[in-house]
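Owing to the predicted nature of the structure, the values given are computational and were not obtained by experimental measurement. All ligand and atom numbering here is 1-based and tracks the order in the structure. Count residues from 1 along the sequence.
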Amino acid sequence: MMNLEKYLEVKPEVAEAIKAGKAVVALESTIISHGMPYPKNVETALKVEQIIRDYGAVPATIAILGGKLKVGLSADEIEYLGKAKEVVKTSRRDIPFIVAKKLDGATTVASTMILAALAGIKVFATGGIGGVHRGAQETFDISADLQELAHTNVAVICAGAKSILDIGLTLEYLETNGVPVVGYGTDELPAFYTRRSGFGVDYRVDTPEELAAALKAKWDLGLEGGLVVANPIPEAYEMDFDVINEAINVAVLEAEKQGIKGKESTPFLLARVKELTGGDSLESNIELVYNNAKVGAQLAVALAALK
Ligand code: PSU
Ligand code: MN
């Protein structure tokens, strides 16, 4: 690609690891700026990086700072992102404008995948992906994350699909776009706060090595696109199915009444669900991200061993 250095700044530790074929895990920043409140967001982001190191991989938190595409942030930069008020939630369509205007952008799953792929990172761990929203038949609210998964070669480890989404339609959309949905140690798709959703996954894997072998085959064969690894929240942190779904139902109705749409929709729902559960959902959210960081690091290590 032409003149990539003009735009892209890869942290030296991350660049060296990529060059040496070592395990690297990408992390997103919308979860920091729009997904969790300060200071929990910063604490969580730093601990996620530590977990990835503990499991033998190098973390690369991704964001846009002053228009620079940053792959790998310092602790100070993470703190800055967690506090700053003017950080723009940045998906694929926003990248050119955030860059040209030299603004700060927090990357979503879609844009984190794009920057990870530009830098040569294959594994990305987060909490939840965007998807087909409830009522999308009317609103057309389908996250750009799903199209990115269709085209960009990065595996995304998440805790399944949140029921702020229409889980069934999200799975249909992924199927149409050739994106495998894999259960990590489960035959059932987890629903973020809960280990169960009532929906099955396409494939179950029980080890990072199995997953790495499938990814290698996918990309060796030129089957472009990503893969969703759905890793259930640890039992100890699981929420009560009815409590969380009641909160989500209330939040979805409020969003509809208040006419919340477009990119505001997901952050609104996340914040309301947190309020309605008295903060319980935030604790669960943090724990499932840690669990995904661990599996992400294990997968990155297994993939590196295959090369
Ligand atoms: N789901 C979560 N937490 C999050 C997000 C989703 O549980 O922080 C964020 C991710 O960055 C995801 C984005 O990529 O929301 C999706 O937003 P949208 O639906 O506007 O595409
Ligand atoms: Mn949307």
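When hydrogens are left out, the protein atom nearest atom 7 (O) of ligand 1 is K162 NZ, 2.1 Å; that is the closest non-hydrogen contact. Considering only non-hydrogen protein atoms, atom 5 (C) of ligand 1 sits nearest to G128 O, 3.9 Å. Nearest protein heavy-atom neighbour of atom 9 (C) of ligand 1: T30 CG2, 4.1 Å.
Around the Mn ion (ligand 2), protein N, O or S atoms at less than 2.8 Å comprise D141 OD1.
At a heavy-atom distance under 4.0 Å, only side-chain atoms of D145, from C-beta outward, approach ligand 1. By the criterion of a heavy-atom distance under 4.0 Å, the side chain of T266, and not its backbone, is placed next to ligand 1. By the criterion of a heavy-atom distance under 4.0 Å, the side chain of L270, and not its backbone, is placed next to ligand 1.
Which of H34, K89, M36 comes nearest to atom 20 (O) of ligand 1 through a heavy atom is settled by distance: it is K89.
With 3.5 Å as the limit, one finds no donor-acceptor pair spanning the side chains of S91 and S111.
Between the side chain of D166 and the backbone N or O of R134 there is no donor-acceptor pair closer than 3.5 Å. Although no hydrogens or angles enter the test, the distance criterion places no donor-acceptor pair under 3.5 Å between the side chain of K162 and the main chain of Y193. Not one N or O on the side chain of E188 forms a donor-acceptor pair closer than 3.5 Å with the backbone of R196.
When all heavy atoms are compared, the tightest approach of N153 to K122 is O-CD, 3.7 Å.
The local environment of NZ in K68 is crowded, with over 12 non-hydrogen atoms from other residues, nucleotides or ligands closer than 6.0 Å.
For ligand 1, one of its N or O atoms has an N or O atom of S143 under 3.5 Å away. By the 3.5 Å distance cut-off applied to N or O atoms, F192 is not counted among the residues near ligand 1. Backbone and side-chain nitrogen or oxygen atoms of E28 are examined, and one is located within less than 3.5 angstrom of a nitrogen or oxygen of ligand 1.
A single hydrophobic cluster is not seen to contain both V154 and V295; linkage of ILVMFWY side chains at heavy-atom distances under 4.5 Å, directly or through other members, places them apart. Under a hydrophobic clustering in which Ile, Leu, Val, Met, Phe, Trp and Tyr are joined whenever their side-chain heavy atoms come within less than 4.5 Å, directly or via other members, V289 and Y38 fall into the same cluster. When the side chains of ILVMFWY residues are joined at heavy-atom separations under 4.5 Å, either directly or via intervening members, L306 and L215 end up in two distinct hydrophobic clusters.
Each side-chain hydrogen bond (donor to acceptor under 3.5 Å, both in side chains) pair with one or both residues in residues 53-67, not counting sequence neighbours, appears once here: E13-R53, E49-T61, Q50-D54.
Using a 4.0 Å cut-off to heavy atoms of H133, the atoms of ligand 1 that qualify are 19 (O).
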Original post:
What's the verdict on side-chain hydrogen bond (donor to acceptor under 3.5 Å, both in side chains) for T107 and E28, showing C-alpha distance, side-chain angles and the deciding distance?
Top reply: CA-CA 6 Å; T107 51; E28 63 155 303; over 6 Å; no
